[in-house]
Student: 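The structure under discussion is supplied below as structure tokens; questions concerning it will follow.
Count residues from 1 along the sequence. Everything numeric here is computed off the predicted structure, so don't read it as measured data.
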Amino acid sequence: SRGLGDVYKRQLLYIAAFACAFAITLVTTPFAKWLSAKVGAIDYPKDRGVHKKPMPRMGGVAIVLGFLVTVLMVYFFDRSMSPKQFVGFIVGAGIIAVLGMIDDMKDLPAKLKFCVQIVAALIVIFSGTQIQIVLWPVTATLQKLSIPITLVWIVGVTNAVNLIDGLDGLAAGVTGIAALSLMVLCIMTGTTTAVVLTAALAGACLGFLPRNFNPAEIFMGDTGSTFLGFVLAVTSILGVFKGYALLALVVSIFCIGLPIFDTIFAMLRRMAKHQPIMQADRGHLHHKLIDHGFSQKKAVLIMYAISIFLGLLAIFIAVKDSRIFVVALLTVVVLSFIIYYFNAHIKNKNQ
């Protein structure tokens with residue numbers, strides 16, 4: 001009976017975290033819109049964009065408030081996460097949020113942003129949140145690679161989410177789906193802290209969507225997109241990587257699959273064209289869908305469907321059924337073909 005009571009308490013905690021983050025983000029989004037106009041954080045129309053009028057672009061402030069306020073309140077009641085790890089996570093996330101706010105106002109150089117992201121990631125790493133390779137079925141000597149691998153993962157996912165933020169509601173919806181998928185995986189591993197974090201993240205994303213879905217009233221900007229990516233990366237380490245050993249890498253990649261796959265193809269595309277890897281372009285999958293004739297809403301819904309499929313696939317892989325690996329491999333092939341097709345089709349159409 002006592003064990004059952006604990007289960008109910010945890011479930012209520014998860015629901016409360018989601019609802020609280022949702023409500024705070026929903027209520028503070030108009031404030032973020034006002035603040036954007038006040039500090040000059042406005043996104044003006046550009047060649048690779050899809051909007052024709054200036055838009056406030058610091059809506060991520062509402063997401064940050066919804067998530068951080070919720071997490072701080074929950075931590076007051078449930079301190080299953082070590083204080084050192086918690087402080088490291090909050091400080092790192094705070095740095096990413098401040099960096100995003102400044103960038104939304106001033107358009108900082110890519111190299112500077114990248115360096116600050118590394119600093120934020122290292123704070124999290126040295127507070128005790130690392131991918132423990134020693135637990136994987138390989139030699140213990142690879143343990144020394146734990147820090148660089150964790151660093152690449154955090155910075156990589158942070159920028160991956162940022163890169164897909166190109167259509168109304170895309171980054172918020174895709175991240176919300178990924179967070180819910182991670183939440184299920186964290187429940188399976190029994191990592192209470194990670195479940196709370198993912199529930200709060202999903203709530204913040206969905207609380208922002210009403211004013212961000214097409215036609216959007218406000219953009220999340222780098223304040224929101226980099227923050228969402230950073231939190232996704234860290235929570236996956238706290239939850240998924242703790243429970244599935246080597247399989248965690250595959251599970252996490254599929255769970256956050258759309259931003260990761262799209263970023264990898266963007267890097268390969270730019271390398272093939274001898275362009276700087278960090279240079280923005282109009283070659284992402286969502287751009288190709290728009291160029292192919294889909295409306296913003298339809299393109300975003302297609303991306304949502306892909307994200308849901310990959311999230312479910314990650315959960316099935318976690319069940320450790322060997323047949324799922326065949327499906328996973330076929331999924332990668334199909335996604336690769338879709339991206340290649342859109343790239344080739346649009347290229348031929350424009351020639």
Student: Under a single-linkage definition using a 4.5 Å side-chain heavy-atom cutoff for Ile, Leu, Val, Met, Phe, Trp and Tyr, are Val152 and Val119 assigned to the same hydrophobic cluster?
Tutor: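 In one cluster: no.
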Student: Can you tell me how far the OG1 atom of Thr223 sits from the CE atom of Met101, to the nearest 0.5 Å?
Tutor: 6.0 Å
Student: Which pair of non-hydrogen atoms, one from Gln117 and one from Thr226, has the smallest distance, and what is that distance?
Tutor: NE2-CG2, 4.1 Å
Student: Applying the 4.5 Å side-chain criterion to the ILVMFWY set and letting contacts propagate, would Val64 and Met73 be lumped into a single cluster?
Tutor: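 No, Val64 does not connect to Met73 through the hydrophobic network.
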Student: List the steps and the verdict of side chain to side chain contact (heavy atoms under 4.5 Å, CB included) for Val71 and Phe86.
Tutor: CA-CA 10 Å; Val71 169; Phe86 183 76; 3.5 Å; yes
Student: How many angstroms lie between atom CD1 of Ile131 and atom CH2 of Trp153, to the nearest 0.5 angstrom?
Tutor: 7.0 Å
Student: State, to 0.1 Å, how close Val155 and Ala121 come at their nearest heavy-atom pair, and which atoms those are.
Tutor: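 Residues Val155 and Ala121, closest heavy atoms: CG2-CB, 4.1 Å.
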Student: Output, in order, the C-alpha distance, side-chain angles, deciding distance and verdict of side chain to side chain contact (heavy atoms under 4.5 Å, CB included) for Val300 and Asn214.
Tutor: CA-CA 9 Å; Val300 169; Asn214 185 263; over 6 Å; no
Student: Find out if a path of hydrophobic residues (ILVMFWY) with successive side-chain heavy-atom gaps under 4.5 Å connects Ile15 to Val196.
Tutor: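 Cluster IDs for Ile15 and Val196 differ.
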Student: Quick one: does Leu197's side chain get under 4.5 Å of Leu182's, heavy atoms only?
Tutor: no
Student: Could you tell me whether the side chain of Thr235 and the main chain of Leu232 form a donor-acceptor pair under 3.5 Å?
Tutor: yes
Student: Transitively linked via ILVMFWY side-chain contacts under 4.5 Å: Leu65 with Leu26?
Tutor: no
Student: Are side-chain heavy atoms of Ile154 and Ile237 found at a separation under 4.5 Å?
Tutor: yes
Student: Indicate the atoms forming the closest heavy-atom contact of Ala32 with Met58, along with that distance.
Tutor: CB-O, 3.8 Å
Student: Roughly how far, to the nearest 0.5 Å, is CG of Asp222 from CG of Asp104?
Tutor: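 The distance works out to 5.5 Å.
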Student: Tell me if a side-chain donor or acceptor on Gln130 pairs with a main-chain N or O of Ile125 at a distance below 3.5 Å.
Tutor: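 Yes, because the side chain of Gln130 sits within donor-acceptor range (under 3.5 Å) of the backbone of Ile125.
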Student: Could you grab the distance from atom CG of Leu310 to atom OG of Ser181, nearest 0.5 Å is fine?
Tutor: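 One gets 9.0 Å once the value is rounded to the nearest 0.5 Å.
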Student: Do the side chains of Cys205 and Leu228 get nearer than 4.5 Å, heavy atoms only?
Tutor: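 Yes, side chains in contact.
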Student: Between Leu68 and Ile90, does the side chain to side chain contact (heavy atoms under 4.5 Å, CB included) criterion hold? Intermediate values first, please.
Tutor: CA-CA 8 Å; Leu68 289 183; Ile90 294 298; 3.9 Å; yes
Student: Nearest 0.5 Å, please: how far is CG in Leu99 from OG1 in Thr158?
Tutor: 10.5 Å
Student: Look at the rings of Phe230 and Phe89 and say which category their plane angle falls in: under 30° parallel, 30 to 60° tilted, over 60° perpendicular.
Tutor: parallel
Student: Does any part of the side chain of Met183, heavy atoms only, come nearer than 4.5 Å to the side chain of Leu180, both counted from C-beta?
Tutor: yes
Student: Is Leu108 linked to Phe219 within one hydrophobic cluster, defined over Ile, Leu, Val, Met, Phe, Trp and Tyr using a side-chain heavy-atom separation of less than 4.5 Å?
Tutor: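 Different hydrophobic clusters.
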Student: Give the minimum heavy-atom separation between Glu217 and Met55, together with the two atoms involved.
Tutor: C-CE, 3.5 Å
Student: For the CZ atom of Arg211 and the CG atom of Asp168, what is their distance to the nearest 0.5 Å?
Tutor: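 The distance works out to 14.0 Å.
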Student: Looking only at heavy atoms, which two atoms of Tyr304 and Leu170 are closest? And how far apart?
Tutor: CE2-O, 4.1 Å
Student: Please give me the minimum heavy-atom distance between Phe67 and Val231, naming the atom from each residue.
Tutor: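 Result for this residue pair: CZ-CG1, 3.5 Å.
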Student: When you measure from the side chain of Thr198 to the backbone N and O of Val195, does any donor-acceptor pair fall under 3.5 Å?
Tutor: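 Yes; at least one donor-acceptor contact below 3.5 Å.
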Student: What do the steps show when you test Ile164 against Met303 for side chain to side chain contact (heavy atoms under 4.5 Å, CB included), and what is the final call?
Tutor: CA-CA 10 Å; Ile164 67 164; Met303 301 286 272; 5.5 Å; no
Student: Verify, without hydrogens or angle tests, whether Ser82 (side chain) and Gln85 (backbone) share a donor-acceptor contact under 3.5 angstrom.
Tutor: yes
